[in-house]
Structure formats: structure tokens, C-alpha cells
Amino acid sequence: MDRSFLADQDVIAASRKFVCIRLATYENADENEVLKGVFAPGGVLQNTVFSLMSPDGRTSLVRAGRSPAWAFGGQVGRGIHQQPAEVIGKMAQTMEAIALAYPGKDKPVGRVPLPYLADLRLALNVAAADRLPLVAVFGNAAQRKQMEQRLEPLAWADEFLGRALYVPVTQQDEFKSITGLKTQAGYVVIQPDIFGLKGKVIQEISLLSTAAQLKQSLSTAVGRHQPSTLTYEQHRSQGAAAGQRWESKTPNTDGIGRSRFGPRPRP
Amino acid sequence: MKRFGILLGCLTVLSQWSPAADQIAWFGTWKGGLAEAERTGKPILLISAAPQCHNVPGVW
């Protein structure tokens with residue numbers, strides 16, 4: 001993820017024993033309050049928050065902060081993407097130890113749900129940032145329920161795990177920033193544009209697809225996705241030059257706490 | 001100095017740049033993720049970031 005801790009294969013392997021939640025800061029007032037309860041110097045929500053938590057979401061099991069480096073050491077700021085191997089290893093080992101302490105239930109009741117994003121506007125942006133295709137589950141409540149039952153096992157299968165993002169869509173007018181939509185209901189695989197403000201349909205898959213048909217169609221569609229190849233600096237400079245702007249739904253308070261409360265504590 | 005600080009803030013959490021590699025599978029909402037953690041009894045890996053830098057979207 002941050003090209004260091006969260007992209008490490010041992011951390012990714014350990015993450016399969018966790019429920020991984022990634023929120024978009026400043027996009028939901030209720031989630032802002034949750035994040036402030038985890039880490040907010042002086043009560044001010046910063047751009048980034050990181051923690052490992054108990055299953056009820058009430059207790060941080062490591063030192064919460066802006067990034068894994070706050071809990072496990074390593075570089076902050078420039079150099080963040082070249083963390084020492086031993087520091088990254090410390091995160092993976094800590095996660096494995098926590099997983100032993102919280103092994104989970106033997107037979108959880110119910111199905112593993114799709115890891116939905118909140119809405120199409122945000123999902124497009126996040127998919128662009130992740131450089132992944134976006135799968136919209138489009139239909140009324142009954143149709144979506146039917147589609148979710150078929151899609152859930154695939155979304156958590158090795159072939160697709162972490163290789164697409166998902167969002168529920170109810171109304172056709174929610175697709176106003178997406179070109180190429182024809183269906184009235186179904187699975188809609190979307191290629192976000194580079195900046196995640198627009199998108200185009202890669203493939204529409206019938207809501208009547210069998211599990212085998214869905215797997216085949218989804219594999220084909222995901223394979224058609226073309227991720228951006230811009231570097232971080234190119235992305236930022238080209239976006240600024242093109243006037244591509246994102247307005248968060250709640251005020252951005254990043255930096256206010258930092259100047260008042262000084263640098264991060266050293267582990 | 002403030003501008004430099006904002007840049008570092010943007011860089012603190014970035015998405016994977018090689019989508020072909022294995023990645024963490026993220027729940028995108030607190031409500032959905034917490035419900036799954038409570039259902040399974042698994043611990044939570046929580047991270048949050050604004051999907052923009054200097055207001056340019058499409059980047060963590």
C-alpha cells in the first residue's frame with residue numbers, strides 16, 4: 001500500500017487474518033468521529049490514521065498514529081517508501097501475534113459480504129488511486145441481493161481478492177460520470193479515469209449469469225482494466241495542470257493538530 | 001514549510017502502484033468492516049487517508 005508496510009507480502013499474508021478497513025478521511029462525518037476516537041492530536045482529525053484494533057473496534061492494540069511507522073518505527077515523510085526490512089517485519093510479526101490472541105470464531109454465522117465502498121463518486125476516486133477496476137452491483141434491492149450472493153464468493157477467492165473494488169448502485173442517474181452504460185441492472189465493471197472523476201464501462205455482466213459465467217466474465221473484464229502508469233509526481237502535476245480537483249464532503253483539518261502538538265512520538 | 005508538510009501528509013499513505021501483485025482486501029466503510037469483524041471475531045487493521053493530494057484526486 002504505502003509501497004512499504006502495506007505492500008509487504010508478509011503483512012499482506014497476515015492481513016488475511018484481520019478485517020481490513022480503509023476509510024476515506026473527511027468523506028463521512030460519522031466515520032470522522034470514529035477516526036478521531038482512534039487518533040486525533042488535540043481532537044483534530046489528521047489526513048491519515050492507522051491502528052490495529054480489537055474485533056469490537058473499541059481498543060487499539062498498538063500505538064495509533066498517522067501511519068504504521070508510528071507503531072513500528074521507521075521513516076516518516078521522505079523515505080517512507082523505503083522502510084527498513086526489520087521494521088516491516090515487526091509489523092508482520094505483531095499482526096501474527098494479535099491474530100493468535102484474536103483467532104476469530106470457528107464458524108461465523110452468515111456470509112462474507114462484499115467489501116463495499118460508500119458510493120460511486122468516492123468509489124471511482126478510490127479505484128483510480130488503487131489503480132484497480134471498479135465493479136458496480138447495479139439494481140434494486142432484490143436484484144442486488146441476488147447478485148451479491150453470486151459475487152461474494154468470487155470477491156474473496158484468490159483469483160479476485162484485492163484485484164477489484166465494489167460499490168452498490170441503485171439508480172441509473174448515479175452513473176452520470178460513467179460513459180457506455182446500457183444495462184438497466186447487472187454487474188457493471190468500470191475503468192476509472194486517471195483522476196477518478198469519470199469512468200467508462202469495461203463490461204456489463206448479466207444479473208442472470210450463473211456463478212461460472214460470472215467468474216469467466218469478471219476475469220475477462222478485470223483483465224481489460226488498464227491502470228495508470230503515471231508516477232506519483234506526474235499524477236499530481238498533470239492533475240493540477242488539468243484542473244482536476246476533489247472536494248471532500250467534510251472540512252479538511254489536516255495539519256492543524258500537527259503544528260500545535262509537535263512531531264510524532266518516537267517508538 | 002506548510003506546503004512541504006502537506007506533501008508529506010499526502011505521501012504518508014499511498015495505494016499500491018502495481019495492481020498485479022497481491023493486495024490487501026479492504027472494506028471501504030466503518031459500518032461494513034466493523035460488522036464483519038464482529039461477525040467473525042477477527043481483529044481490525046484500520047487505515048484512513050484522503051484520496052487526494054493538493055486536491056488532485058485519484059491518489060492516496
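Here is how names work: the chains are called A, B, and so on, in the same order as the sequence lines, proteins then strands, and each is numbered from 1.
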Who among B:Ala35, B:Pro51, B:Gly32 has the most heavy-atom pairs with chain A under 4.5 Å?
B:Pro51
Top contributor to chain B interface from A:Asp56, A:Asp158, A:Val112 [non-hydrogen pairs under 4.5 Å]
A:Val112
Any heavy-atom pair between the side chains of A:Phe18 and B:Ile44 that's under 4.5 Å?
no
With heavy-atom distances below 4.5 Å as the criterion, would you say the side chains of A:Trp246 and B:Val56 are in contact?
no
Straight-line distance of B:Gln52 CD to A:Tyr26 OH, nearest 0.5 Å
9.0 Å
When you look at CZ of A:Arg111, are more than 12 heavy atoms from neighbouring residues, nucleotides or ligands closer to it than 6.0 Å?
yes
Choice from A:Leu61, A:Ile194, A:Leu117, A:Asn125 maximising heavy atom contacts with chain B below 4.5 Å
A:Asn125
Ignoring hydrogens and geometry, is there a side-chain-to-backbone donor-acceptor pair from A:Asn47 to B:Ala50 under 3.5 Å?
yes
Report which part of A:Val34 has an atom under 4.5 Å of a heavy atom belonging to chain B: side chain, backbone, both, or neither.
side chain
Check whether any side-chain heavy atom of B:Ser48 lies under 4.5 Å from a side-chain heavy atom of A:Phe50, and answer yes or no.
no
I'd like to verify something: which residue of A:Gly196, A:Ala24, A:Gly239 has the highest number of heavy-atom pairs under 4.5 Å with chain B?
A:Ala24
Heavy-atom pairs under 4.5 Å with chain B are the metric here; pick the option from A:Ala118, A:Ala99, A:Pro113, A:Ala240 that has the most.
A:Pro113
Taking every heavy atom of B:Ala25 against every heavy atom of A:Leu161, the minimum-distance pair comes out as CB-CD1, 3.5 Å
Quick one: pull up CD in B:Glu38 and OG in A:Ser54 and give me the separation to the nearest 0.5 Å.
9.5 Å
Given side chains that start at C-beta, do those of A:Val19 and B:Thr40 come closer than 4.5 Å, heavy atoms only?
yes
Any side-chain to backbone donor/acceptor pair from A:His235 onto B:Pro57? Under 3.5 Å, distance only.
yes
By a 4.5 Å heavy-atom criterion (distance strictly below it), what part of A:Leu165 contacts chain B: side chain, backbone, both, or neither?
neither
To the nearest 0.5 Å, how far apart are CD1 in B:Ile47 and OG in A:Ser67?
7.5 Å
CH2 of B:Trp30 to CG of A:Leu35: how many Å apart, nearest 0.5 Å?
8.0 Å
Note, A:Val38 side chain near B:Leu46 side chain (heavy atom, < 4.5 Å):
yes
Considering all heavy atoms of both residues, which atom of B:Ala37 and which atom of A:Pro55 are nearest to each other, and what is their separation?
CB-O, 3.4 Å
I'd like to know which of B:Lys42, B:Arg39, B:Glu36, B:Lys31 tops the heavy-atom pair count under 4.5 Å against chain A.
B:Arg39
Going from CZ on A:Arg236 to CG on B:Asn55, what distance comes out if it is rounded to the nearest 0.5 angstrom?
11.5 Å
Region of A:Asn28 in contact with chain B, defined by heavy-atom distances below 4.5 Å
neither
Quick check for you: to the nearest 0.5 Å, what is the distance between A:Ser15 atom OG and B:Ile24 atom CD1?
4.5 Å
Looking at chain B, which one of A:Gly243, A:Ala155, A:Pro108 has the largest number of heavy-atom pairs inside 4.5 Å, strictly under?
A:Pro108
Is a side-chain donor-acceptor pair under 3.5 Å present for A:Asp130 with B:Trp60?
yes
Please classify the contact between A:Glu31 and chain B as side chain, backbone, both or neither, with a heavy-atom cut-off of under 4.5 Å.
side chain
